[in-house]
2 protein chains.
Amino acid sequence: MEYTIGKLAQLAGVSPRTLRYYDEINLLKPAKVNGSGYRIYGQEEVDRLQQILFFRELDVDLETIVAIMNDPNFDKEQALQKHHSKLVEKRNRLDKLIVTVEKSIANLKGEYPMENKEKFAAFKENLIAENERKYGEEIRNKYGNKVVDASNAKLRGMSEDDYAAMQALEKELFDLIKQACPTGDPSSSLAQKAAEKHKEWLMYSWPEYSEEAHAGLAEMYVADERFKAYYDKVIDGGAEFLRDAILIFTGKKAI
Amino acid sequence: MEYTIGKLAQLAGVSPRTLRYYDEINLLKPAKVNGSGYRIYGQEEVDRLQQILFFRELDVDLETIVAIMNDPNFDKEQALQKHHSKLVEKRNRLDKLIVTVEKSIANLKGEYPMENKEKFAAFKENLIAENERKYGEEIRNKYGNKVVDASNAKLRGMSEDDYAAMQALEKELFDLIKQACPTGDPSSSLAQKAAEKHKEWLMYSWPEYSEEAHAGLAEMYVADERFKAYYDKVIDGGAEFLRDAILIFTGKKAI
DNA sequence: CATAAACCTTTACGTAACGTGAAGGTCAAG
DNA sequence: CTTGACCTTCACGTTACGTAAAGGTTTATG
């Protein structure tokens, strides 16, 4: 199937101008140009345009999309998988915004007391996610995690002091893990103290605590390589040990 | 609680520049300006900023936000209610996008045949929603529904012929309702023919048919005043009658 | 008490991703 | 064979801020 610029625009719900612009910036070149200068697009371009729209939906700027999609290592399926998880994340953030509206209505009616901070927490999650997307991967690789975390912390409205306190807490947590892990007993009082410390640490960045969420995060510490590496760097097997300690701490696992 | 520009910016996760800009365009004026020209914001401004961010989240342009919020008839609670339903709509559209990604992955693997039209259907729903938001209310009031529907139809990639066919179908549907309604029997063959016609009509704008969705829409025809008025205009009680006919047609209600 | 750091101010130009004509060539239908 | 619906390339306009620059104010600290 071949498409002129107008046909493709119609199919995809974008304007011809947009397609010309994408041609100009080397994001989406037509399959060929016919004798009289008309742009002709084929199936490959249709699929590529769909990919572009997914990126755009996730607020990735065009320059970045060009860089990603023109990379010889670009893998269509992998990209779609990533789109999927990002869209799910976006939906989760939307869920929180919806809850915020509900609370704000109740607040307006005087039925629910609401701190100003809470009124914007869900919006800021969007920002944090964007911040991660834009600079996260790059900066994490170049300068390590601290810069990104500090930046995220700042976004959450933390003072420098709070951030320092959080860093200190994390150090205590690391020390506890280092001590408790070799015993191999995640129900030991030292291990439970670590779990408690971890909760304290969490409270700096979480709007509210729940055992379910805490336990869920613990599972992720082992499932997600990035986190696993982070705690295994402290001491070998640290991630699993912390997870087990937290699962016991939150009552999700018997001793 | 009083906030300087930086404090409020920090709280809400926006830049001071943004707040100055909102001041400039009369969207958010500080509560007062102190002796040395500093902008000072209070609780009222905090809440107003939250409202602004909700509008922004829904891609309403600032000019429109100014118009809406500076309108003396502006009702905070009503606005929040609207935000809520719009956010839910947005989440529903996100859900469809997520399904589209999943299908596209299957398609890529050759496990699922996918028409090009389907690849963009979910994106176009966003467009249709935006189109409605921008021009819908205004134009519906000024020129009636036809213009908007035609515009939406065009967005869906319908040809003029298709649109004409859809209009013809709708007229047939109206005639059937007009005939069947006075009998008062939604299970009559005429009424069921109307339900069938309604399904046909739907198929022009729906990507796929399901009895659940059809029945759900029928319920909405009575619940939502706009729709109710639309069918009651054909014949008094038309909305309820059509709903009952559809509920029987879809097997959601016994005869 | 000074002085530097961390705020704040206005002014003004830069930007991304197109929208919107203008001026003109191409193509299918009647 | 012409009319209307396409297409083309300039080229300037728009929105919602980002980003210095140049300077005044407030607050923490030696």
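First the proteins, then the strands, lettered A, B, ... as listed; each starts at 1.
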Inset, instruction - Please work out if A:R20 contacts a base, only the sugar-phosphate, or nothing of the nucleic acid, heavy-atom cut-off 4.0 Å. - result: base

Inset, instruction - Hey, which sits more toward the 5' end of DNA chain D by its nearest nucleotide, B:L62 or B:Y38? - result: B:L62

Inset, instruction - Confirm from the modelled atom types if A:R39 and D:dT8 form a donor-acceptor pair under 3.5 Å, side chain to base only. - result: no

Inset, instruction - Using a 4.0 Å heavy-atom cut-off across all strands, classify A:I5 as base, sugar-phosphate, or nothing. - result: sugar-phosphate

Inset, instruction - Return the value, rounded to whole Å, for the distance between atom CG of B:L19 and atom P of C:dC8. - result: 10 Å

Legend entry - Length of the CD1-C1' vector between B:I25 and D:dT14, whole Å: 14 Å

Inset, instruction - Could you tell me the separation between the CG atom of A:L8 and the P atom of D:dC7, rounded to a whole number of Å? - result: 11 Å

Legend entry - Side-chain heavy atoms of A:N116 within contact of A:K119, under 4.5 Å: yes

Inset, instruction - Find the distance B:D61:CG to D:dC17:C1' and express it as a whole number of Å. - result: 14 Å

Legend entry - N/O (side chain, A:T18) to phosphate O (OP1/OP2, C:dG19) under 4.0 Å: yes

Inset, instruction - Using heavy atoms to find the nearest nucleotide of DNA chain C for B:R17 and A:R56 separately, return the residue whose nucleotide is more 5′. - result: B:R17

Legend entry - Closest nucleotide among D:dC17, C:dC18, D:dC7 to the A:T4 side chain: D:dC7

Legend entry - Donor-acceptor pair under 3.5 Å, A:Y21 side chain vs C:dG19 base: no

Inset, instruction - Ignoring backbone atoms, establish whether A:S15 has a side-chain N or O less than 4.0 Å from OP1 or OP2 of C:dA17. - result: no

Inset, instruction - Determine which pairs satisfy ring pair (Phe, Tyr, Trp, His ring centres under 6.0 Å) with at least one residue from residues 26-46 of chain A, sequence neighbours left out, and list them in order. - result: none

Legend entry - Residue closer to the 5' end of DNA chain D, B:N34 versus B:E63 (nearest nucleotide): B:E63

Inset, instruction - Evaluate whether atom NZ of B:K29 has more than 12 neighbouring non-hydrogen atoms of other residues, nucleotides or ligands under 6.0 angstrom away. - result: yes

Legend entry - Upstream residue (5' side of DNA chain C) when A:Y22 and B:G6 are each assigned their closest nucleotide: B:G6

Legend entry - Atom pair distance, as rounded to whole Å: NZ in B:K7 and P in D:dT25: 20 Å

Inset, instruction - Measure the distance from CG on A:D23 to C1' on D:dC10 and round it to the nearest whole Å. - result: 15 Å

Inset, instruction - Check the distance between C:dA17's P and A:I65's CD1 and give it to me in whole angstrom. - result: 8 Å

Legend entry - Residues B:E2, B:K32: salt bridge by 4.0 Å N-O rule: yes

Legend entry - Side chain proximity check, A:I5 to A:D23, heavy atoms < 4.5 angstrom: no

Inset, instruction - Find the distance B:E24:CD to D:dA16:C1' and express it as a whole number of Å. - result: 11 Å

